[in-house]
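The block underneath contains the structure these notes are about, expressed in structure tokens.
Worth saying up front: this structure is predicted, and the values here are computed from it rather than measured. Counting convention: from 1, in listed order, for ligands and their atoms alike. Worth knowing before you read on, the calculation uses all heavy atoms, side chains too, and leaves out hydrogens, waters and symmetry mates.
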Amino acid sequence: MERIAVFPGSFDPVTRGHEDIILRALPLFDKVYIAIGSNTEKKSCFSLEQRADWVRVVFKDMPSIHVITYSGLTVDLCAKLGAQFIIRGLRTSADFEFERSIGQINRKLDPGIETVFLLTSPEFTSLNSSIVRDILRHGGDASQFVPREVNLGGLPEAKE
Ligand code: ADP
């Protein structure tokens with residue numbers, strides 16, 4: 001049976017931390033869906049299309065990676081895709097507490113799905129999308145924090 005995983009997230013925008021987790025997850029699975037969520041609770045800075053385009057550009061040469069957008073429950077998406085695994089990255093103890101409850105609830109919702117946690121590489125422990133957005137908001141250069149294929153340009157507001 002094919003080992004299929006979903007890596008869900010906001011990717012607002014994709015960072016080198018995300019990239020690192022995805023590259024390390026690749027050898028573990030036959031197929032990885034990077035699933036970019038449109039979350040009504042969490043207002044995103046970049047549009048769903050923009051976030052997906054950047055991720056597509058980064059992984060364009062990797063045939064086992066598929067980039068999709070979704071709304072709704074991640075377990076429902078997994079069922080639709082035939083995925084048995086959810087990948088999540090862990091940076092801090094706060095991540096652990098948050099991810100533990102989501103992982104346990106997801107397992108209640110669908111006992112057939114395992115969440116697989118990968119520890120962040122030390123150099124990316126303090127990196128998250130919100131820091132990248134803050135740097136951009138204040139006119140700084142965030143390029144070292146995003147994959148080299150990503151050309152951030154600036155915040156959508158700043159372009160207008
Ligand atoms: P969400 O809103 O679902 O947390 P994110 O895009 O912020 O979406 O994160 C998606 C996943 O990527 C999460 O599992 C998160 O822990 C992981 N992640 C984000 N940044 C890093 C990083 N620097 N190192 C390791 N994992 C990370």
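- Distance alone, capped at 3.5 Å, places no donor-acceptor pair between the Arg91 side chain and the Gly17 backbone.
- Donor-acceptor pairing under 3.5 Å is lacking for the side chains of Ser10 and Arg51.
- Of the polar atoms of Gly89, at least one N or O is found under 3.5 Å from an N or O of ligand 1, judged by distance alone.
- The heavy atom nearest to atom 23 (N) of ligand 1, considering only Phe124, Phe117, Phe7, is found in Phe124.
- Only backbone heavy atoms of Pro8 (N, CA, C or O) come within less than 4.0 Å of ligand 1; its side chain stays farther off.
- Between atom CD1 of residue Ile21 and atom OG of residue Ser121 there is a gap of 6.5 Å, rounded to the nearest 0.5 Å.
- Applying the 4.0 Å criterion to heavy atoms of Phe11 picks out, from ligand 1, the atoms 6 (O).
- The stretch residues 75-118 participates, sequence neighbours left out, in these ring-ring contact (aromatic ring centres under 6.0 Å, His included) pairs: Phe29-Phe85.
- Close N/O approach between Asn128 and ligand 1 is not found [any backbone or side-chain N/O within under 3.5 Å].
- At a 3.5 angstrom cut-off on N or O pairs, Thr120 counts as close to ligand 1.
- In terms of protein heavy-atom proximity, atom 8 (O) of ligand 1 is closest to Ser10 N, 3.0 Å.
- Remark: ligand 1 and Leu127 share an N or O pair separated by less than 3.5 Å (distance only, no angle test).
- Heavy atoms of Arg91 found under 4.0 angstrom from ligand 1 belong exclusively to the side chain.
- Among all non-hydrogen protein atoms, the one lying nearest atom 9 (O) of ligand 1 is His18 NE2, 3.5 Å.
- Among protein heavy atoms, the minimum distance from atom 2 (O) of ligand 1 is reached at Lys42 NZ, 2.4 Å.
- Residue Ile21 approaches ligand 1 through these ligand atoms, each under 4.0 Å from one of its heavy atoms: 25 (C), 26 (N).
- Residues satisfying the side-chain hydrogen bond (donor to acceptor under 3.5 Å, both in side chains) criterion with Asp141, sequence neighbours excluded, are Ser143.
- For the pairing with Asp20, the side chain to side chain donor-acceptor pair (under 3.5 Å) check across Arg16, Arg24, His18 returns one residue only, Arg24.
- Around the CZ atom of Arg3, the shell of radius 6.0 Å holds no more than 12 heavy atoms that belong to other residues, nucleotides or ligands.
- Considering both main-chain and side-chain atoms, Arg88 comes within under 3.5 Å of ligand 1 through a nitrogen or oxygen pair.
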Exercise. Evaluate side chain to side chain contact (heavy atoms under 4.5 Å, CB included) for Ile4 paired with Asp30, printing each intermediate quantity in order.
Key: CA-CA 6 Å; Ile4 303 175; Asp30 298 304; 5.7 Å; no
Quiz item: Passes ring pair (Phe, Tyr, Trp, His ring centres under 6.0 Å), Phe11 versus Trp54? Steps please.
Solution: CA-CA 9 Å; Phe11 303 95; Trp54 278 326; over 10 Å; no
